[in-house]
Amino acid sequence: MLKCEHMWNPIGIDVTDPRLTWIMDDTRPGARQTAYRVYVSKDSVSLLQKKNMVWDSGKKPSSMNLVIYQGTTLEPFTKYFWTVDQWAKDGTLLPRTQVATFETGMMRMENWTGTWISDRNDINIRPAPYFRKTFTSSRKIRSARAYISAAGLYELFINGKKVGNHRLDPMYTRFDRRNLYVTYDVTNYLLSGKNAIGVLLGNGWYNHQSLAVWDFHNAPWRARPTFCLDVRITYDDGTVEVVNTDNQWKTKLSPIVFNSIYTAEHYDARLEQPGWNTVNFDDSKWNGITLRAAPSQNIVAQVLHPIRNVEEIPAKSINKINDTTYIFDLGQNIAGVSKIRLSGETGTIIRLKHGERLYSNGRVDLSNIDVYHRPKDDKDPFQTDIVILSGRENEDFMPKFNYKGFQYVEVTSNRPIKLNKESLTGYFMHSDVPASGTINTSNPLINKLWWATNNSYLSNLYGYPTDCPQREKNGWTGDGHFAIETGLYNFDGITIYEKWLADHRDEQQPNGVLPDIIPTGGWGYGTANGTDWTSTIAIIPWNIYMFYGDSKLLSDSYGAIKKYVNYINQISPSGLTTWGRGDWVPVKSTSSLEYTSSVYFYVDATILAKAAKLFGHEDDRVYYSNLARKIKDAVNRKYFDANKASYASGTQTELSVALQWGLVPETLKGKVASNLAKRVEADGMHLDVGVLGAKAILNALSDNGQAETAYKLAAQNTYPSWGWWIANGATTLYENWDINAERDISLNHMMFGEIGAWFFKGLGGIKVDEENPGFKNVKLEPNFVSELDYFESAHQGPFGKIVSSWKRNGTSVTYSVFIPANSTANVHFPLLSGQKAYNKGKQIAQDIRIEAGIYEFEIK
């Protein structure tokens, strides 16, 4: 499996030195790579013949499986073929891996030939604009690529067909500082002779017409949507023609009479112009366009897993209230859109209200999610699509430039209509990241909770991690780093996080301050955007390095982390800081804001010191190591009672974060963890934490000898607990432990989502090794908790699939392990008093090191 920039055969990359990675295919016990050789060529035949290389790394004695291209300068608009030779541990050359490709895009801003265009309307005009242009291609086409960037959203059509299956392109950025472009292979869309290109533009976050407390309508970049397009055609004779955006394009308003990424989409089918994006359409009554300046001077390739309609979800049931009101239930809470098929008289107005809850009368209840919407009139109802029918039979509608969070859809009309359960379908829409983790257990509640956690994670992955898919859609920084490990254990999300941390660097103020929602139109540079939230700038790059062994994001973010830590140090010279939000949405107990904020200050300084060591910045390593020690000492001096082995007032959160983040003196970890377990027991074996405690508590317990208590918390099914949500029908994670809370009660939030990572760590025991990141060496520290009969976990890491599973057999436990080729593992068996570990009938030590292969151990 060969990847370039963590993507399979990407096209349109801009980097001059792309990263190339591979996985060794060798199933023999102890398999490892002793050497590699990478070949890159412009021609697949030359590659196989090992001739005319643009880069030949030479044979390198190394087990490394991530290298940076170091050949001749890559040319724009060029396809490269590459492969790798690998030598096994016995020195033999393995069979050649497959040939992979990557293709460069613009590479530089000056390679664009098109100009930015828009229609001649202002930001208050509600309908979305169509654009079209025709051209003639008289020769045989060898290949063709479309490069398109937009401020706003777009859909691209060639000869009447939508290009690609992406949704909501391009991804949201700080538009006045960085714009993304997408590359498509359009060879098969073009015809010999006359062709037509069509573009439909949506507002997205660029021209935010909805009013809400986040002030996106006042964003400094706000303008009418605009785009730039180059279609680069290569003919059989080798010549190249570029069809681009210029003053020859025409435009007209579309039937999408309103579109808001935040609220909904309105469509008047009576205004449809069939064939608008085809060759023979009469555009004589269309208008000319206006030329625009580029939104920013930084237009770069969008190389990440795109948003798609990933899963089609048929309606589970329909409730007919009367001839004009129907309620559809998808059976699960999702982020995405609904598609409906309708028939009715011309001018019939249909409203599709999307929500997560129902009133007692069966109607859709939006009261938990429309709380921050501030409409000035009734023309922009929250999460409510509006369709006006043309009168044709079987009219289909699905919004193009919006998504929602919902389980229920209430369809109402101003005239009687007939609908059945098959009339409406839901589409679970999210960044289409490959799955990389699985678990399965003997407890159905745990299985459902893992599934629901992943549903919430994906519901909040739209080119950046969000807090919720309905009420806000904001990139809350805290939610992002609370859930980072859950995301990385379960999904291959590096491309999304690399994009989001670039957003962080775009948003960072010169003094180092970050807003607590990213991207932002200006909201979030307040007084509480402190360490417990905006530590994303350090925590996420560090976790990416831990999970992938790829230090690029950490390196790219190093300067930003340093500015951030320096700012905190400037405003908090004692080592203690009150800059933060605190333990958001706790059950009942509050924790010290200064204590928790200072803990995260310590985390940031520690990561910075480690990064400095990694990159050879010795002066920084010394300085920030000393700073981290100073913060730790200040926290422990004020908040740690060594005699009682307790922190601050002894809440679950306060005890947990000290253990989770390494502030507890080594000799006292056991006592602090024991006190935490006693506190949980005193609280009725239930949680009493907010978001900071929820991130820490399970790890704090299971990593320090209290796995049984951790499992009891994770498997609890009465209030307050994760399982309480599941017991009450949840298919996603909630924003509040109290499902009847009057506020903070979105039913699809990820801020309590660390439990999805804990399953892998606390039960399966699959952990990163800081000294050998990227699972080059795996730390296996399972916990065979007594209330589970079996537990299975697997994670696809950079070297292949890691499997850790165990099954109880009476008083013994069978522990099965698979370590992929080119990787190793340190195994720690959680032996109880009198227990011993065996392999193939022979007793082994409690701690062992193993090579790649399949193992079965017996604990008895």
Side-chain angles (χ1 to χ4, degrees), residues 1-10 12-15 17-23 64-69 100 102 171 173 180 300-308 310 430-437 454 457-458 460-466 475 477 480-505 518 536-558 560-561 607 611 614 750 753 756-757 760 766 768 770 772-776 795-802 820 823:
M1 181 165 52
L2 277 61
K3 291 183 180 180
C4 173
E5 289 296 293
H6 297 284
M7 300 283 284
W8 289 290
N9 301 327
I13 67 170
D14 274 350
V15 289
D17 50 354
R19 293 161 290 175
L20 306 175
T21 60
W22 60 87
I23 289 179
M64 182 184 301
N65 70 340
L66 185 159
V67 300
I68 296 173
Y69 175 83
F102 63 87
M171 298 299 102
T173 59
L180 302 179
V300 296
Q302 176 176 298
V303 183
L304 71 162
H305 294 290
I307 298 168
R308 292 188 176 100
V310 177
H430 53 77
S431 291
D432 194 8
V433 288
S436 62
N454 284 350
Y457 179 77
L458 293 173
N460 285 292
L461 205 65
Y462 275 74
Y464 64 108
T466 67
T477 48
H481 74 73
F482 301 150
I484 179 64
E485 290 179 84
T486 290
L488 296 181
Y489 271 111
N490 287 287
F491 300 99
D492 179 13
I494 183 172
T495 60
I496 308 298
Y497 289 109
E498 289 188 332
K499 179 265 177 192
W500 195 40
L501 266 293
D503 296 332
H504 278 61
R505 298 191 296 272
I518 297 174
T536 40
I537 193 65
I539 289 174
I540 287 181
W542 182 253
N543 273 277
I544 291 293
Y545 175 53
M546 288 294 99
F547 274 78
Y548 287 87
D550 185 340
S551 62
K552 184 178 188 302
L553 180 59
L554 188 61
S555 175
D556 290 347
S557 303
Y558 183 83
I561 301 170
I607 289 172
L614 177 66
M750 198 54 201
F760 291 87
I766 300 174
V768 298
E770 192 171 301
N772 297 276
F775 298 100
K776 177 63 176 170
H795 172 69
Q796 179 75 28
F799 292 90
K801 181 182 283 189
I802 304 157
S823 188

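Throughout, residue positions are numbered sequentially from 1 according to the sequence presented.
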Do Q302 and K499 have side-chain heavy atoms sitting under 4.5 Å apart? no

Distance from L501 atom CG to L553 atom CG, nearest 0.5 Å? 4.5 Å

Should the ring pair F547 and F775 be called parallel, tilted or perpendicular, given that the plane angle runs from 0 to 90° and is split at 30 and 60? perpendicular

What distance separates S431 OG from R308 CZ, expressed to the nearest 0.5 Å? 10.0 Å

Any side-chain donor-acceptor pair under 3.5 Å between S557 and H504? no

So, for I13 and C4, which heavy atoms are closest and what is the spacing to 0.1 Å? CD1-SG, 4.0 Å

Taking the side chain as every heavy atom from C-beta outward, state whether P798 and T21 have any atom pair closer than 4.5 Å. no

When you measure from the side chain of W500 to the backbone of G480, do you find a donor-acceptor pair of N or O atoms at a distance under 3.5 Å? no

Using 0.5 Å steps for rounding, measure from the CG atom of D432 to the CG atom of D492. 11.0 Å

Is any side-chain heavy atom of L20 less than 4.5 Å from a side-chain heavy atom of L2? no

Yes or no on side chain to side chain contact (heavy atoms under 4.5 Å, CB included) for E485 and M546, after CA distance, side-chain angles and deciding distance? CA-CA 10 Å; E485 290 179 84; M546 288 294 99; over 6 Å; no

To the nearest 0.5 Å, what is the distance between OH on Y464 and CG on L304? 13.0 Å

Atom CG in N454, atom CG in N490: separation rounded to 0.5 Å? 4.0 Å

Quick test of your reading of the model: are K552 and D17 salt-bridged, counting only N-O distances below 4.0 Å? no

State whether R19 and E498 are salt-bridged, where the test is any N-O pair (Lys NZ or Arg NE/NH1/NH2 against Asp/Glu carboxylate O) under 4.0 Å. yes

Is any side-chain heavy atom of W542 closer than 4.5 Å to a side-chain heavy atom of P773? no

Looking only at heavy atoms, which two atoms of A435 and F491 are closest? And how far apart? CA-CD2, 3.7 Å

Please report the interatomic distance CG(L614) to OH(Y558), rounded to the nearest 0.5 Å. 10.0 Å

